[in-house]
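All figures in this text were calculated on a predicted structure; none of them were measured in a lab. As a basis for the values below, the full set of heavy atoms in this structure was taken, side chains included, without hydrogen atoms, waters or symmetry mates.
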Amino acid sequence: MADNVTSLFRSTAAHSPSMAALTREGGDGAGPVDFCIPCNPYFPTPAMFEEMAARLRDIVTYYPSSADTITAELCTLLQLPPQAVAMGNGSTELITWIDHLLVRESLAIPVPTFGRWTDQPMETGKRVDMFPLQESSGFALDLAAYAEFIRARGTRVAVVCNPNNPDGGFLHRHALVQFMDAMADLDLIVVDESFLEFADAEAEPSVVQEAMLRPNVIVLRSLGKNFGLHGIRFGYLVANPALTGRVRSMLPKWNLNSFAEHVVFMLRDHGGEYAQSLQQVRRDRLDMASQLSALPGLTVYPSQGNFLFVRLPVGAEGTVVRDRLLTEHRILVRECGNKIGSSSRFLRLVVRPQVDVRRLVSGLEQVLYGTRRGAAVPEPGAATGYSSGTAAVDRLVGATNGAGVLGLAAQAMSAPAPVPSPVPAASNGSGVPLPAAAQTYPQLVAAPAPAPIPAPAPPHIPTPTPAPLPQPVAAPVPPIAPAAAMPGPTPPGVPARGGLTAAQVRGTNGLTPAPATGWPNAGAWPAAAG
């Protein structure tokens, strides 16, 4: 692949150039092995692709049915009421409408995470309160600490991605339900389950059924990722009919294309193959994690998604590794330096079949260690700063430290906070101290999660000392104060006033890995609640 193909990373508005652009630039009509885009490699089956190819002329010639017709068919498969479901042209279309219709002025999100949850509300002038996931705790989300952070900031919308992208961190269903109970007074809670069907930590992890019964909860689900068809652009959300109706009223009648319709109507006959493809991805995830963990200095974090978050050895720079893998080995990886809360030392690697993983491991060995295994070869290069890939978002981040337009007045009003004394820690009965948040929200605290393989080193950048933790506001929350009276903005990647440092974060999500189970009945289509 030509060396100038790496210039595409600097000219694209996305985190990576499209496969079409890479294929054109490569000059030989073939793209690289894709470890970047998190897609199911086993579905659709070859026979399904042959069927679609045979119908191509009709699919691209004629109008699709209305979105209502396609949604009704999907709901029959998923055993969901159509009035509780809205289908979109990709989950990003639904995120856009959620922001425009349901986010009034502030949104909280753990970082690092999927970039549209930070960029989209900032583009429309909302305050984005970013709760940093700590490298020292394996990027595990402590729901108790997150709840207290939301109260301290006065945030009105909370987002949780389960599993989270890019680290694959997982939260059990009972913990999320307790979080929804504790945050019942918020304007909105969004649980993004785009990668949940790849998880096997529990048999029924989805909160879809709870969302339909609550007035302020939306669950977002992906179809392109699960079905291996990112190019079709389709996904859906589930909520109570009042919330769903607000979103559906804004969607065009034909917002779904004919390919999406054809695939949805094919699925009724291929539930067994789909379930088998998920089981294979789960097996591949374990094998791939094992192979990568054997590379010296490479840290692999536990994941329940169809990807693995890895920290490169000391001295390795992510953009250099990415570019050399692409130009020397025709392998495309996701370097995470432009994710808020991450850095260029991290890669997200999609789970792929073993033959591709062997090629990846071989390429990493040559790029990281040269002709031998050992310490990583240092690469010169300046540190990679934050860039969303979108100029408008970069300007907002630069002007407001991630607070959005509403944070400008708050930034002017905020004053330096006094440095607190250490917070006395309670115990969870096992001798492990609990964070201050756990004393306020004990129902959200679970047992410690397993350590990464191998355990990550402490962060090399000192974490700022937080201000004293304010007393949480008891529900229901009083009317929202004007923006100028709000606390100062949340700088990207560091605790806000009222946030927690790595030293204070000790409670985790209680994840206990379980063997791959698949769906109980591989011959039937899996229900959305499964």
Side-chain angles (χ1 to χ4, degrees), residues 9-18 86 88-132 150 153-161 164-166 186-190 192 194 218 220 222 233 235 237 243 246-247 249-252 255 334 336-342 384-412 480 482-484 486 488-494 496:
F9 288 92
R10 294 181 285 278
S11 60
T12 181
H15 60 73
S16 301
S18 69
N89 193 319
S91 59
T92 51
E93 180 183 45
L94 298 174
I95 291 173
T96 301
W97 282 115
I98 289 170
D99 173 53
H100 281 289
L101 297 173
L102 304 173
V103 181
R104 290 190 289 164
E105 50 85 2
S106 58
L107 177 145
I109 178 72
V111 293
T113 194
F114 178 49
R116 291 314 300 166
W117 284 120
T118 54
D119 295 358
Q120 171 61 40
M122 282 196 290
E123 288 170 356
T124 53
K126 314 294 171 50
R127 193 185 85 230
V128 180
D129 294 330
M130 303 179 199
F131 180 77
I150 291 167
R153 297 290 291 160
T155 319
R156 299 305 306 154
V157 174
V159 178
V160 176
C161 296
N164 188 44
N165 171 12
L186 296 188
D187 294 345
L188 183 68
I189 301 167
V190 181
D192 187 338
S194 292
I218 286 177
L220 191 68
S222 172
R233 309 302 304 138
L237 64 79
L243 275 179
R246 293 186 63 182
V247 176
S249 68
M250 302 303 295
L251 297 174
N255 70 317
R334 170 66 161 105
C336 293
N338 64 351
K339 274 187 175 290
I340 298 175
S342 181
T384 303
Y386 163 70
S387 171
S388 68
T390 305
V393 178
D394 292 342
R395 287 195 297 270
L396 273 172
V397 171
T400 68
N401 254 349
V405 174
L406 291 178
L408 287 172
Q411 190 172 16
I480 301 171
M486 293 178 181
T490 307
V494 301

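To the nearest 0.5 Å, atoms CZ (Arg153) and CZ (Arg127) are separated by 5.0 Å. Between Arg116 atom CZ and Ile98 atom CD1 the span is 12.5 Å, to the nearest 0.5 Å. Between atom CG of residue Asn165 and atom OG of residue Ser222 there is a gap of 11.0 Å, rounded to the nearest 0.5 Å. Within the model, atoms CZ of Phe114 and OG1 of Thr92 stand 6.0 Å from one another, a figure rounded to the nearest 0.5 Å. Atom CD1 of Ile189 is separated from atom CZ of Arg156 by 10.5 Å, given to the nearest 0.5 angstrom. Expressed to the nearest 0.5 Å, how far CD1 of Ile95 lies from NE2 of His100 amounts to 12.0 Å.
Nearest approach of Asn255 to Gly88, heavy atoms of both residues: ND2-CA, 3.6 Å. Scanning both residues, Ala86 and Leu94, for their nearest heavy atoms gives O-CD1, 4.0 Å. Of all non-hydrogen atoms in Val247 and Leu101, the two that sit nearest each other are CA-CD1, 3.9 Å. When all heavy atoms of Cys336 and Pro166 are compared, the closest pair comes out as SG-CB, 4.4 Å. Residues Cys161 and Thr113 come closest through the heavy atom pair SG-OG1, 3.5 Å. Taking all atoms of both residues into account, the shortest heavy-atom contact from Asn164 to Pro112 is ND2-O, 2.9 Å.
The shortest distance between side-chain heavy atoms of Leu220 and Trp117 falls below 4.5 Å. With a 4.5 Å cut-off on side-chain heavy atoms, Ile218 and Leu102 count as touching. Contact check for Leu188 versus Leu243: side-chain heavy atoms found under the 4.5 Å cut-off. For the pair Leu186 and Ile150, the minimum side-chain heavy-atom distance is below 4.5 Å.
Side-chain atoms of Asp99 never come within 3.5 Å of backbone atoms of Met122 as a donor-acceptor pair (strictly under, hydrogens ignored). Between the side chain of Lys126 and the backbone N or O of Arg104, no donor-acceptor pair lies under 3.5 Å.
Legend: residues meeting side chain to side chain donor-acceptor pair (under 3.5 Å) with Thr155, ordered by chain and number and at least two apart, are Asp129. Contacts of Ser194 classified as side chain to side chain donor-acceptor pair (under 3.5 Å), with partners at least two apart in sequence or in another chain: Asp192. For Asn89, the side-chain contact (heavy atoms from CB on, under 4.5 Å) partners are Glu93, Arg233, not counting sequence neighbours.
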